[in-house]
Structures are given as C-alpha cells and as structure tokens.
Amino acid sequence: MIRARLKKRIDHCFAQGTELGYWTEAAAGLYAVEEPKHAGQGDYATNFAMVVAGKEKKKPREVAAQLVELLAAHTDLLARVEVAGPGFVNCFLQEGVWQSVLPEICTAGDAFGKSDIGREKKVLVEFVSANPTGPLSVGHGRQAVLGDAIARLLEATGHLVTREYYYNDAGRQMRVLGESTRARYLEQLGLPFTFPEDGYQGQYIRDIAQELISEQGDRLKEVAEVAPFKEKAEQVIFADINNTLARLGIRFDNYYNEHSLYENGLVDDVIATLRAKGLVYDKDGAVWFKTTEFGMEQDRVIVKSTGEPTYRLPDIAYHREKFRRGYDWMVNIFGSDHIATVPDVLAGVKALGYDPAKVTVVIHQFVTLLRDGQQVKMSTRKANFVTVDELLDEVGPDVARFFFLMRKADSQLEFDLALATQQSQENPVFYVQYGNARLASIAKQAAAKGITRGELAEALLARLTTEEELHLLKAMAVFPALVESAAVALEPHRIVFFLQELAAHFHSYYNKHRVISEDVDLSRARLWLCEALRIVIRNGLTLIGVSAPETM
RNA sequence: GCCCUCGUAGCUCAGGGGAUAGAGCACAGGAUUCCUAAUCCUGGAGUCGCAGGUUCGAUUCCUGCCGGGGGCACCA
C-alpha cells in the first residue's frame, strides 16, 4: 500500500520529465519500484534510471539525477533520495509513513488483505475429482488443500467462486470396483469367487462386503448384475471421501457427474458439432478428433471401435458445459499424471468455439511420502498407500494443510511422516500459530494490568520507531499486494512463506522489546501494533484454511 | 525419440533481468528474577546442474546438453 503510493509519485515524475524533454515515453510502464534486499538501500528502490537510460541511450546516472531533482518536490512522503550502484534510485521515506499502516489494518480488520480486483468474475475451481473407488490418498490430499486454498484466495480478491468435484460412477473403473466387492462378499460367505485381475485390493473393500452381509445376508449371492455391489461400494466410499474432506475443512458447492453428460445427450452433441465442422472422421471403426488441426502431433480417438468413448470426449463435453454455465474463468487442479489430457481438452474447447485462454490448469507434482526415512511407493489398486484419513489421525488438519501448502505446486513435495508426527512441536505451523497465541496473551496481560489500547486515533503511533517495529510495519504493509499476486498466480504457498517470515519478525521483536511497560503511551502504541499483527496473522491463516488458536 | 516439470547451503525448499542469493532443519555455543522458552541470539556453510547466446547487467530470459520426476493408448 505504501509502495503503490510511491509508485504514483514516480509515475508523476516520469510524466513531468517527458514534458520537460528529459526523456520520451518509451519507458512508460517498464520501470519498477521494489524493496531492496539490503539495509541501507532505502525503503524502496527503483530501476527507473537504468530502464529510461536504456531506451534513451543516456547514462543511467544522469537520468537518475534528473529523477532525484523531480522527486525533491515530494518531501511529504520522502525524506531522502539517493543514487546508488549502477543507477538505482533509493528512496527513504519520511518518519511516520510506516506507522500510518496501522490505522488502515485495524480499521479493516478481517477485511484487511481482501480486495475487489476479481470484479465479481465467476470462477469455477475444479479439484479432487477422484472417482469413488477408494479412500483419498495423500496425493489427493495435496490437491484438495491446494484447490481449496486457491479458491479461498480467489474469494478474498473478489471473485465469485464455485468449488466443483467432477466424478464418474459409470465407467470401467467402477465396474471393476463392483466386481471386487462382489468377490469379497462371496469370499466372506465362504462361497467360490473369482477376484478380478485388476481388482481393488484394499481392506476397505472387505469392510464394505462385510457391511453388505450384515445388511443383506447372503441374499445377493445369486445376483448376476454387479449393480448392487457397485452402488453399495460407491455410496460407502463417497461418504468416506466427503468425511475426509470435511475433516480438512473442505466443502464443495457442486458435484458434477460425468454420467449426466451422456444422459443429457451432451456427449453425442459434441461429436455431432465437431463432425459438422469437419473436425471428426471415422477410421478403423473408431471416431477420431483432428487434433492435428490444433497443432498436435497426431489425431486422437474420441470413440473407440467398441463404441465406448475415450475419456477425452466427456471431458470436452464437461468443459463446454462450464462455458455454457457462464463461468468467466475455469481453474483446474490436476496431478502431473493427468498433464497429457490438457492439450486434448483445450483443443476440444477451441474447436467448439470457446476461448481456451479462459481455462487455467494448475499442475501439481506428486507427494513423496517418507515413513521411517524410506520412501513409500503408492498404488491405489494395491492399496499400499497412506490415506488422508490416516494422515489426519496423526497430524491433524492444521498441520496437514500447512505442510501441503509449503511447496509451490510445481515442486515435488516431500512429506516426512516422522517429522510431521513425532516432532510436531517443531512444525512451522505451530511457530506461526504460537505467534498468534502470544499476541492474544499479551492483550490479556494488558487487560489484567488495566492497560487498554484506547482510541486508535489518540494512540501515539509515532512512538513505534525501533528497527524491529519498522520491520513489522513494512512486512504487514505488503500483505494486500501479496494476497493479490498469490491469487492471480494461483500460488497459495506465498501466503505460507509470508506468515513464517512475519511470525519470525514478531518472535524476534517479542524477545527484544516489552510491549507492556511503565510507559503507558508506548504500551498503547505497541498494543495497537500487536492488534494489527494479530489481524494479519489471522487473516493469512484463514486464507490457507488453518486455525488461529488464542492459547496453545 | 518427443512433450511437461524440477535441478539453488549437508538435507527440505523459497526467490528471481539488477547492487553483498535467503529461510527452516541439522550441527556448535549462548539467553528466561519481567507480556507463553512451542521463543530468541551468535556461528560456519553456495562455481544458483554444465555450456553457449541475448543484455549496460543473467542465478533469473533463450538454445543445447546432463541428471531426477511425470506424460506421450481405441486406460482415466
């Protein structure tokens, strides 16, 4: 917020300079105002002179001098301006500027960090989308938390968000699930059975079979259809998945069933539409989509010679429905194993006359799980995977969420169970939460001693002048811009890193300075500082769906 | 073979066209008569995978190579 203020002034100087003939408008919008890495280089620095000099073929130092001259009129904001290094202009703010962030934060409260840059754009965030064939694995967990945090960021920045779970309960996978369940059912009744070659081997299938036996007895032993087994399994597993998601604090607005696309003729309609456009042809008994028309190496089958569609076709139909439902932006969270489906679907969208640029796919890499220092290889079929439920039993939702968001989506995430469980008191999430608890405790202590913050307008915020206090004020001032950039980039890990840094600044401050002292004015100013910190930490934690306990 | 992605401190990872590349863990030492020690302070640690190119300036962008992961089906 302070940076934006300074940027405006520099933009103004740029315009003045063009009028004065110092430079042309060639460098408009190309220079930046940023925070220097090192102390002594000012509160902010701009590469203005280097960028302008590059365009004008001038010497950066000369341009810098001209900018300094123009900035001299802004003594209300700037105390001092220096030219440094190859031509950086370092800006030192007037005292009191940083303190002005406190009233903004404290007045905004829960709203601090929120914005309306989304302009009520309708966004569909699709994530998890696991078919109900088994419990959610740790990999799904990462996706669930990532998707939900992205949705929270978008909501905080003024987007109208729908969280959607796309699933299919009609495909081959589900048939195998039903057959697996029937096999276990017969097995547990002591009857002859054949377990499907690629069946689901998890214990949960046995549990479902047992449930069927206690509900139905052996009444299903002669049933030829797989339907009753499949339906039972689906119902139990979906309930389980939803329960897991609820434990993570994740709730979907909509579950979209792939099967409904067939029932409503939407899949056939895609073929018909593409065929009418000449983008589909028959070969070897299959139906092909001319993806080569969209820059791909080969055409793709969308209906197999058996008459069954491939996954691409309903995926394309589904995405068309997203457009038809009126979304302005579609965000898909996929695991890296689904990366290959993306170009096909985007080509389909384009072929149907919609703008693929409105679809953003966030690909996240796998979770590598370490148990006892050894990597656990996971496979859904063989059921030797760690479920999100098991993880939650061990570490709880706050730790799980925080850990899943500690890495950017592009990076593989190493989840060390030994670290997350046995040494949980050393987890970074507690470090941040402890900061919040300390802040709450300080407020309580102050109240117990009869010291209140008093009116914000009357607080002597100018008393906040220590290096640590200025660090904290600067850090908090960045928060709204951080939330915006994290939302636009769909990168919630930035919030996690910010929180860790802010908490570190606060813990350090706490150990060096006393908030509550004999100096009542100073105490009050510092209590307001703490109040602002509490707001920022809590708002940040809320963005990633982690709780902010007041005692620990 | 082709496509995507990653390669930064002993380990796990941030960062990213600019001025001296950061954090946590681990390791060593220290801090509490006082607001929660789940905290803090001090210390060492790096050819930013390799080689070219673009640029006033590259760890960051481009190309190639090497290495890890994922994907290239009439599986999803």
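Convention: sequence-line order gives letters A, B, ...; per-chain numbering from 1. The structure presented is a predicted model; accordingly, all values stated were derived computationally and were not measured.
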Is any side-chain nitrogen or oxygen of A:K408 closer than 4.0 Å to OP1 or OP2 of B:G15? yes
Can you find a side chain N or O atom of A:Y509 that sits less than 4.0 Å from OP1 or OP2 on B:C40? no
Categorize A:A45 for me: base, sugar-phosphate, or nothing, with a 4.0 angstrom heavy-atom threshold over every strand shown. base
Starting the side chain at C-beta, find the nucleotide from B:C35, B:G18, B:C72 nearest to A:M50. B:G18
Of all the nucleotides listed (B:G71, B:C74, B:C6), which has the minimum atom distance to the side chain of A:A340? B:G71
Describe the nucleic acid contact of A:F88 in one word from base, sugar-phosphate, nothing, applying a heavy-atom distance below 4.0 Å. base
Contacts of A:R312 and A:E297 projected onto RNA chain B by closest heavy atom; the upstream (5') one is A:E297
Integer angstrom distance from the C1' of B:G22 to that of B:G15: 7 Å
Tell me whether the side-chain N/O atoms of A:T368 come closer than 4.0 Å to OP1 or OP2 in B:G69. no
Taking only Lys NZ, Arg NE, NH1 and NH2, and the carboxylate oxygens of Asp or Glu, determine whether A:D282 and A:R275 approach each other closer than 4.0 Å. yes
Which listed nucleotide (B:U39, B:A76, B:A19) is nearest to the side chain of A:N511? B:U39
Taking only side-chain N and O atoms of A:K37, does any of them lie within less than 4.0 angstrom of OP1 or OP2 on B:G15? no
If you look at every strand shown and take non-hydrogen atoms under 4.0 Å, does A:D284 touch a base, only sugar-phosphate, or nothing? base
For A:E263, I'd like to know if atom CD has over 12 heavy atoms of other residues, nucleotides or ligands within 6.0 Å. yes
Once you round it to whole Å, what is the distance between P of B:C74 and NZ of A:K283? 10 Å
B:C35, B:A19, B:A76: which one has an atom nearest the side-chain heavy atoms of A:Q41? B:A19
Going by modelled atom types, is there a donor-acceptor pair between the base of B:A19 and the side chain of A:N47 at under 3.5 Å? no
For B:A14 and A:S411 - does any side-chain N or O of the residue sit under 4.0 Å from the phosphate oxygens OP1/OP2? yes
Sugar-phosphate only, base, or nothing, as touched by A:S441 at under 4.0 Å among non-hydrogen atoms: base
Separation of B:C40 atom P from A:R514 atom CZ, nearest Å, is 17 Å
Is the shortest side-chain N to carboxylate O distance from A:E35 to A:R3 below 4.0 Å? no
A:Y166 side chain near A:H319 side chain, heavy-atom distance below 4.5 Å: no
Measure from CD on A:E62 to P on B:C56 and round the result to the nearest Å. 17 Å
With sugar-phosphate meaning primed atoms plus P, OP1 and OP2, does A:H338 contact a base, only sugar-phosphate, or nothing at under 4.0 Å between heavy atoms? base
Parallel, tilted or perpendicular, judged at 30° and 60°: which one describes the rings of A:Y256 and A:Y318? tilted
Contact class for A:Y510 (heavy atom, under 4.0 Å): base, sugar-phosphate, or nothing? base
Please work out if A:R494 contacts a base, only the sugar-phosphate, or nothing of the nucleic acid, heavy-atom cut-off 4.0 Å. nothing
Looking only at non-hydrogen atoms, find the nearest pair between A:G139 and A:H364 and report the distance. O-CE1, 4.0 Å
Regarding A:S508, tell me which of base, sugar-phosphate or nothing describes its non-hydrogen contacts under 4.0 Å with the strands shown. sugar-phosphate
What integer distance in Å separates A:L499:CG from B:G24:P? 15 Å
A:D398 side chain near A:F430 side chain, heavy-atom distance below 4.5 Å: no
Assign A:A437 to base, sugar-phosphate, or nothing according to its heavy-atom contacts below 4.0 angstrom with the strands shown. base
Name the closest nucleotide to the A:V51 side chain, picking from B:G18, B:C40, B:G70. B:G18
Counting side-chain heavy atoms from C-beta on, which of B:C35, B:A38, B:G69 comes nearest to A:M552? B:A38
Scan A:E414 against the nucleic acid and name what it touches under 4.0 Å (heavy atoms): base, sugar-phosphate only, or nothing. sugar-phosphate
Quick one: label A:N90 by what it contacts on the DNA or RNA (base, sugar-phosphate, nothing), any heavy atom closer than 4.0 Å. base
Look at all strands and tell whether A:H505 reaches a base, only sugar-phosphate, or nothing, counting heavy atoms closer than 4.0 Å. nothing
Donor/acceptor link under 3.5 angstrom from A:T310 side chain onto base of B:C74: no
Under 4.0 Å, counting only non-hydrogen atoms across every strand here, what does A:E468 touch: a base, just sugar-phosphate, or nothing? nothing
For the side chain of A:P36, counting heavy atoms from C-beta on, which of B:A19, B:U39, B:U5 is nearest? B:A19
Can you figure out which of B:U39, B:C75, B:A76 approaches the side chain of A:Y431 most closely? B:U39
Have a look at A:T551 and say if it touches a base, only the backbone sugar-phosphate, or nothing, with a 4.0 Å heavy-atom cut-off. base
